[in-house]
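Please read the structure below before turning to the comments.
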2 protein chains.
Amino acid sequence: MTKEPLTPRQKEVLDFVQSFTENHGYAPTINEIGSALGLSSTATVHKHLQILGEKGYLDTMPRRSRWLQVKPQPVVTSCASIDIPLLGTVSAGRPIEINEVASSVSLPEWMLGKGETFVLQVKGESMIDEAIKDGDMVVVEKRESAVNGEMVIACIDQDEVTLKRLYREGHRVRLQPSNPAMLPIIVEDRDVTVKGVVIAVLRKYRRN
Amino acid sequence: MTKEPLTPRQKEVLDFVQSFTENHGYAPTINEIGSALGLSSTATVHKHLQILGEKGYLDTMPRRSRWLQVKPQPVVTSCASIDIPLLGTVSAGRPIEINEVASSVSLPEWMLGKGETFVLQVKGESMIDEAIKDGDMVVVEKRESAVNGEMVIACIDQDEVTLKRLYREGHRVRLQPSNPAMLPIIVEDRDVTVKGVVIAVLRKYRRN
DNA sequence: TAAATATAGGCGAACAAAAGGCGAAAGTCA
DNA sequence: TGACTTTCGCCTTTTGTTCGCCTATATTTA
């Protein structure tokens, strides 16, 4: 969200309120603000405060004296995030469709994996038991092996790529779908390749 | 997205706007730009700014004085994310437990709402039909009203706060739980207050 | 090759809206 | 009641927008 910008005068008012509050422990009155900035009318000050409120720089508490709540907290900590490739879509039984258009998604660091990370979009409701819906994005950490029970992007017989939970059973591997209607796939160890492990899920509801 | 190239003169204007904004905390006026670059006509400056806007280098706010929004799109790929307050937890039938410790989560911009945004952690499996699991985080846009069918954080009778889908039915409001075992709550319009609308969901699988 | 056309840059004046301001009266709250 | 905040007109200054017209330097077209 881009915060609406301030004019020089508005910034002066905001700065004054902020420093006054820091120095006194309570907020200034409209009159105090006025005389500090050389304004003779309370109406003018009030208008400024109202604008600052609308722009989201002040939390106003109507009709309260010394309406404390002067939270001028424009703490826009710009913290690094990283652009992650959005490779394509994956559905339960289909190969990954690689998205030719190299689109990317920016993610905060805490959502990333240890090594290389990429994002896939899930198609279909087949993952519904994992609480993953059609259109959700899964964040995948690229890895060649997985711990029992992890959700993986796996490649079976070199061609089919799916999203399932992986369980090792002796020299075999069981790929458990997240849909009760689908049976697990059991294959030999050597026929399955792990492409990566799902470390996060995210869903954005489209705006109306 | 390849950005259209700039002519030397256009770049001069853009550079000036950028450095001015950094130094002052607000954008220059057309006049200030003009005299800095030795242009006597505001029309000339205005034309430049318009072009820069069309080419996507500036965010213009028509008719606004000091229409800051000088979004000087940095060529650097480091994309800003913002720290969002993590307010507490919410479950289907319980009030929000406000987390005293003001923790926060950083999110990329595309996941944010229009206005104030905050994050709540979901407790319990009651939202499972919406594919929201225990421990998931919901990103909430602070709003006082919601469109039919949106998932909202609603306050009923001033005390109970829940996460449900909202449907208007005449002068009544139906709050539909996401669990088939729970019955919808139907209340009078005035007894329910919308605190915000869920705009995104995210889940992080913990590392082993 | 000359003429027509396009594009970037520029000028000044006239105008409309936003920003900033005033004083006084009315409304609130403790 | 007194200390504050809100609201109501009304005003001035600042600032952005638009319009017509001008000058170079290319680029096309006849």
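Naming: A, B, ... by sequence-line order, numbering from 1 per chain.
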Donor/acceptor link under 3.5 angstrom from B:Thr44 side chain onto base of C:dG9: no
How close or far is atom C1' of C:dA8 from atom CG of B:Leu39, stated in whole angstroms? 13 Å
Give a yes or no on whether a salt bridge exists between B:Arg172 and B:Glu188, defined as a side-chain N under 4.0 angstrom from a carboxylate O. yes
Sorted by position of nearest nucleotide on DNA chain C, 5' first, the leading residue of B:Ser40 and B:Thr7 is B:Thr7
To the nearest Å, how far apart are B:Ile51 CD1 and D:dT17 C1'? 15 Å
What is the distance from NE2 of A:His46 to P of C:dA25, rounded to the nearest Å? 19 Å
So do B:Lys195 and B:Lys142 actually touch side chain to side chain, heavy atoms under 4.5 Å? no
For C:dG9, take OP1 and OP2 only and decide whether either is under 4.0 Å from a side-chain N or O of B:Gln10. yes
Between atom CD1 in A:Ile30 and atom C1' in C:dA24, what is the gap in whole Å? 15 Å
Less than 4.0 angstrom between a side-chain N/O of A:Arg9 and OP1 or OP2 of C:dG21, yes or no? yes
To the nearest Å, give me how far apart CD1 (A:Ile33) and P (D:dC4) are. 12 Å
Just how far is it from atom NZ of A:Lys204 to atom CD1 of B:Ile199, taken to the nearest 0.5 Å? 4.5 Å
Should the side chain of B:Thr29 and the base of D:dT14 be counted as holding a donor-acceptor pair, with the cut-off at 3.5 Å? no
Nearest-Å distance, NE2 (B:His48) to P (D:dG16)? 16 Å
Between B:Thr162 and B:Lys164, is there a donor-acceptor pair closer than 3.5 Å when you use the side chain of the first and the backbone of the second? no
Donor/acceptor link under 3.5 angstrom from B:Thr42 side chain onto base of D:dT17: yes
Can you measure B:Asn31 atom CG to C:dG12 atom C1' for me and round it to whole angstrom units? 13 Å
How close or far is atom C1' of C:dT7 from atom NZ of B:Lys47, stated in whole angstroms? 10 Å
Would you call the rings of A:His24 and A:Phe20 parallel, tilted or perpendicular, where under 30° means parallel and over 60° means perpendicular? parallel
